[in-house]
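In listed order, ligands and their atoms are each counted from 1.
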Amino acid sequence: MSATETISNYIGGQWTKSSATESQKVINPATQESLAEIPLSTAQDVASAVEAAASAFPDWRRTPPEERIQPLFKLKQLLEDHLDEICRIITKENGKTLGESRGEMRRAIENVEVACGIPILMQGYNLEDVARGIDETMIRQPLGVVAAITPFNFPGMIPFWFLPYAVATGNTFILKPSERVPLTMRYAFDLLQRAGFPKGVLNLVNGGKSVVDALLDHPKIRAISFVGSTPIAKYVYARAGANGKRAQCQGGAKNPVLILPDADMESATQIISDSAFGCAGQRCLAVSVAVAIGEAQKTFRDAIAENASKLRVGDGQDQNVQMGPVITPQSKTRIEDLIARGAKEGAKVLVDGRNAKITNRESGNFIRPTILEGLPQTSELAHTEIFGPVLSLIPARDMDEALAILNSSPFGNQASLFTSSGAAARRFRYEAQAGNIGINIGVAAPMAYFPFTGWKDSFFGDLHGQGRDSVEFYTDKKVVVERWAKEHSRKF
Ligand code: NAD
């Protein structure tokens, strides 16, 4: 792509110019270089994508599951063959390091691999003789046209939390990626085209709120998957529900980690630092509140402050860099304002990453790792998602107090504990009110064959993304009760 090129939509098996009259620039967050122009597509573009998907559905649902997964096997190989190129695009438009882009794409590919198991995953069950001579069978059928709306922070992985399962189960699919990072899916859809999916099975519409609203209101769309911030997740869930659609909406987070004095402090510090500052803290599973318990307070404080101060910040394309920029200048300002608010609410800025100057990248959206010490639990910031490289330290006397702090959060995406005690780990697993739990793990991201289980304000819906939940989400159950007359069977 060139800076002046406007990205097309992908509808009915071909790249199609949007009818949009408005567009916006895609910007490299490390350099402010303009990478391309993205159309803010219209309801008319969405309607064309829905028509293409609806026309493709009858044939695609009749295609045997074994045949439906063949393009996914090809896609897996194409993604492996073009991994370096995709990772370069992710790093350019999102800012994360090349290593982080590679990690993200591994999970994307893993979801393609799991969806290749659909001939087994989609099976129903049956029982002969539920009454004399009567048999009962449960079968799963695809819904029809389904859509996904995804955020900026994982341009390669998050669309693949949904796409492979949606089409393997026999649905046709429309994706609206984040308007801030559309280039990764621009490239991936070329690979999807080469993988051999029939026309209309996969469609891509670029844009912002107007596209989302048109997807939510279109009567032919049966289900919506959403990942993004909590206010938009709530909005999407409510509007999809009001329009009679099935919805799974993953929201924001504020993930706590508890550190007990018996933890291996050296490895805990390294793992927590990677979690808090990796991807510049723009990960929905980033640790953002560290609750050190009793004697762990001083040792952890000193160790994490030293670790955070040493991280090499810069352009993610540079192999030596450990942390890239945040996504936009507005994000940088918002995060720096929140750091100031924390200080105003009573925290000490133990490590201050504001006003970062990066040689040769002066215009990038850089914030260095930041640590707020002693943020009062009652402060507003203690419950506000920052989504940047900022870790708040909150002290606790004991496990009771630490769990009370953890469970007071409105979010429930992830909670972690560092300890060498099995009993403490069991209590934590049992009592922590979050869906993804890490024991001596900093980013407890479920593998593709487990559901991604946010709770509370981090998730609206009941069936999660990935694995078996996806199969349930993308199918309707049908139960058939059968009786055949005896006279008829005697003839044979
Ligand atoms: P966002 O909510 O701003 O945008 C997400 C999607 O919603 C985008 O496609 C965007 O175009 C669309 N959108 C934005 N504003 C809208 C509006 N007013 N009406 C309709 N649609 C709108 O989120 P983001 O900034 O792209 O991503 C960061 C957020 O996503 C963070 O809050 C993070 O915690 C969350 N996130 C959550 C998970 C999870 O698994 N729970 C994973 C990744 C990111």
Side-chain angles (χ1 to χ4, degrees), residues 24 26 29 38-41 43 46 93-96 104 107-108 111 147-162 174-182 184-185 204-217 224-240 247-255 278-288 326-328 330-332 334-335 338 365 384-388 409-414 434-436 443-446 448 450-461 464-466 469:
Q24 72 181 48
V26 184
I38 176 176
L40 297 175
S41 299
V46 170
E93 66 177 352
N94 170 280
K96 62 179 70 178
E104 135 160 38
R107 182 57 47 86
N111 274 286
I149 300 153
T150 54
F152 81 83
N153 64 328
F154 285 96
M157 175 183 74
I158 293 182
F160 283 100
W161 280 354
F162 308 111
I174 302 171
L175 176 69
K176 192 216 82 71
S178 166
E179 61 275 40
R180 287 181 260 174
V181 291
T184 305
M185 282 300 119
L204 171 77
V205 182
N206 282 299
K209 180 170 168 53
S210 310
V211 174
V212 173
D213 289 347
L215 291 169
L216 293 172
D217 292 346
I224 297 278
S225 304
F226 172 89
V227 183
S229 57
T230 291
I232 311 298
K234 272 188 185 163
Y235 165 77
V236 168
Y237 190 61
R239 191 152 167 174
Q248 48 178 196
C249 300
Q250 302 183 210
K254 180 98 183 172
N255 302 309
C279 297
Q282 300 171 117
R283 232 178 344 204
C284 66
L285 295 181
V287 157
S288 57
V326 297
I327 189 73
T328 55
Q330 294 78 2
S331 269
K332 177 177 152 88
R334 185 184 55 78
I335 294 163
L338 287 172
N365 315 320
T384 305
E385 179 177 40
I386 298 178
F387 218 58
S409 172
F411 299 104
N413 218 30
Q414 174 189 275
N436 299 298
V443 180
F450 284 95
F452 192 103
T453 41
W455 280 18
K456 295 165 90 176
D457 274 3
S458 299
F459 181 70
F460 304 92
H464 297 275
Q466 297 199 147
D469 266 33

Check: What part of Asn153, side chain from CB on, backbone N/CA/C/O, both or neither, has a heavy atom under 4.0 Å from ligand 1?
Finding: side chain

Notebook entry, point to check: When rounded to the nearest 0.5 angstrom, what is the spacing between CG in Asn436 and OG1 in Thr453?
Noted result: 3.5 Å

Checklist line | Enumerated ligand 1 atoms positioned under 4.0 Å from heavy atoms of Gln250 | finding: 39 (C), 40 (O), 41 (N)

Next item on the list: Hey, could you give me the NZ/CG distance between Lys254 and Asn413, rounded to the nearest 0.5 Å?
Entry: 13.5 Å

Next item on the list: Check Gln282 against ligand 1 and report side chain, backbone, both or neither, counting heavy atoms closer than 4.0 Å.
Entry: neither

Checklist line | Non-hydrogen atoms of Gly278 and Arg283 that approach each other most closely | finding: CA-NH2, 3.6 Å

Checklist line | Nearest protein heavy atom with distance in Å, relative to atom 32 (O) of ligand 1 | finding: Glu385 OE1, 2.7 Å

Notebook entry, point to check: Any donor-acceptor pair under 3.5 Å linking the side chain of Asn365 with the backbone of Ile327?
Noted result: yes

Notebook entry, point to check: For ligand 1, does Phe387 get within less than 4.0 Å through its side chain, its backbone, both, or neither, judged by non-hydrogen atoms?
Noted result: side chain

Note to self: Once rounded to the nearest 0.5 Å, what's the spacing between atom OH of Tyr235 and atom CG of Asp213?
What the structure shows: 3.0 Å

Checklist line | Nitrogen or oxygen of Asp213 less than 3.5 angstrom from that of ligand 1 | finding: no

Item checked: Ligand-side contact atoms (ligand 1) for residue partner Trp161, heavy atom cut-off under 4.0 Å -> 40 (O)

Note to self: Any atom of ligand 1 sitting under 4.0 Å from a heavy atom of Phe459?
What the structure shows: no

Check: Cation-pi between Lys96 and Phe154: NZ/CZ under 6.0 Å from ring centre and within 45° of the ring axis?
Finding: yes

Check: Once you round to the nearest 0.5 Å, how far does OG of Ser178 lie from NZ of Lys176?
Finding: 6.0 Å

Notebook entry, point to check: With atoms numbered from 1 as shown, which atoms in ligand 1 lie under 4.0 angstrom from a non-hydrogen atom of Gly252?
Noted result: 32 (O), 34 (O)

Note to self: So does Phe411 get a backbone contact from the side chain of Ser458, meaning a donor-acceptor N/O pair under 3.5 Å?
What the structure shows: no

Check: Could you give the distance from CD1 (Ile224) to CD (Gln248), rounded to the nearest 0.5 Å?
Finding: 10.0 Å

Item checked: From the candidates Cys284, Gly251, Ser210, the one that places a heavy atom nearest atom 41 (N) of ligand 1 -> Gly251

Checklist line | Heavy atom of the protein closest to atom 21 (N) of ligand 1 (residue, atom name, distance) | finding: Val212 CG2, 3.4 Å

Item checked: Heteroatom proximity flag, Phe226 to ligand 1, N/O under 3.5 Å -> no

Next item on the list: List the closest protein heavy-atom neighbour of atom 24 (P) of ligand 1: residue, atom name, distance to the nearest 0.1 Å.
Entry: Phe152 CD2, 3.6 Å

Checklist line | atom 19 (N) of ligand 1: the protein heavy-atom neighbour that sits closest, reported with distance to 0.1 Å | finding: Lys209 CG, 3.4 Å

Check: What atoms of ligand 1 come within less than 4.0 Å of a heavy atom belonging to Ile158?
Finding: 42 (C), 43 (C)

Notebook entry, point to check: Do any N or O atoms from the side chain of Thr230 and from the backbone of Gly251 form a donor-acceptor pair under 3.5 angstrom?
Noted result: no

Check: Within a distance of under 4.0 Å, is there any protein heavy atom near atom 4 (O) of ligand 1?
Finding: no

Next item on the list: Give a yes or no answer on whether the side chain of Glu179 reaches the backbone of Gly208 with a donor-acceptor pair at less than 3.5 Å.
Entry: no

Checklist line | Proximal atoms of ligand 1 relative to Arg180 (non-hydrogen, under 4.0 Å) | finding: 3 (O), 24 (P), 25 (O), 26 (O)

Next item on the list: Any chance you could measure Thr184, atom OG1, to Ile158, atom CD1, to the nearest 0.5 Å?
Entry: 12.0 Å

Next item on the list: Keeping the roles fixed (side chain from Gln466, backbone from Trp161), state whether a donor-acceptor pair exists under 3.5 Å.
Entry: no

Notebook entry, point to check: Among protein heavy atoms, which sits nearest to atom 35 (C) of ligand 1, and what does the distance come to when rounded to 0.1 Å?
Noted result: Gly228 O, 3.1 Å

Next item on the list: Spell out, as yes or no, whether a donor-acceptor pair under 3.5 Å connects the side chain of Gln414 to the backbone of Leu285.
Entry: yes

Check: What part of Asn413, side chain, backbone, both or neither, has a heavy atom within less than 4.0 angstrom of ligand 1?
Finding: side chain

Note to self: With respect to Thr150, determine whether any N or O atom, backbone or side chain, lies less than 3.5 Å from an N or O atom of ligand 1.
What the structure shows: yes

Checklist line | Distance-only N or O hit between ligand 1 and Glu179, under 3.5 Å | finding: yes

Notebook entry, point to check: Does any N or O atom in Ser229 lie less than 3.5 angstrom from one in ligand 1, N or O only?
Noted result: yes

Check: Given Val181, Leu215, Ile232, which one has a non-hydrogen atom that is nearest to atom 14 (C) of ligand 1?
Finding: Ile232

Margin query: Taking 4.0 angstrom as the limit and counting only heavy atoms of Phe452, give me the atoms of ligand 1 inside it, by number and element.
Written below: 40 (O)

Item checked: Leu285 to ligand 1, any heavy atom closer than 4.0 Å -> no

Notebook entry, point to check: Does a donor on one side chain sit under 3.5 Å from an acceptor on the other, for Asn255 and Ser288?
Noted result: no

Item checked: Nearest non-hydrogen protein atom, atom 27 (O) of ligand 1 -> Pro151 CB, 3.3 Å

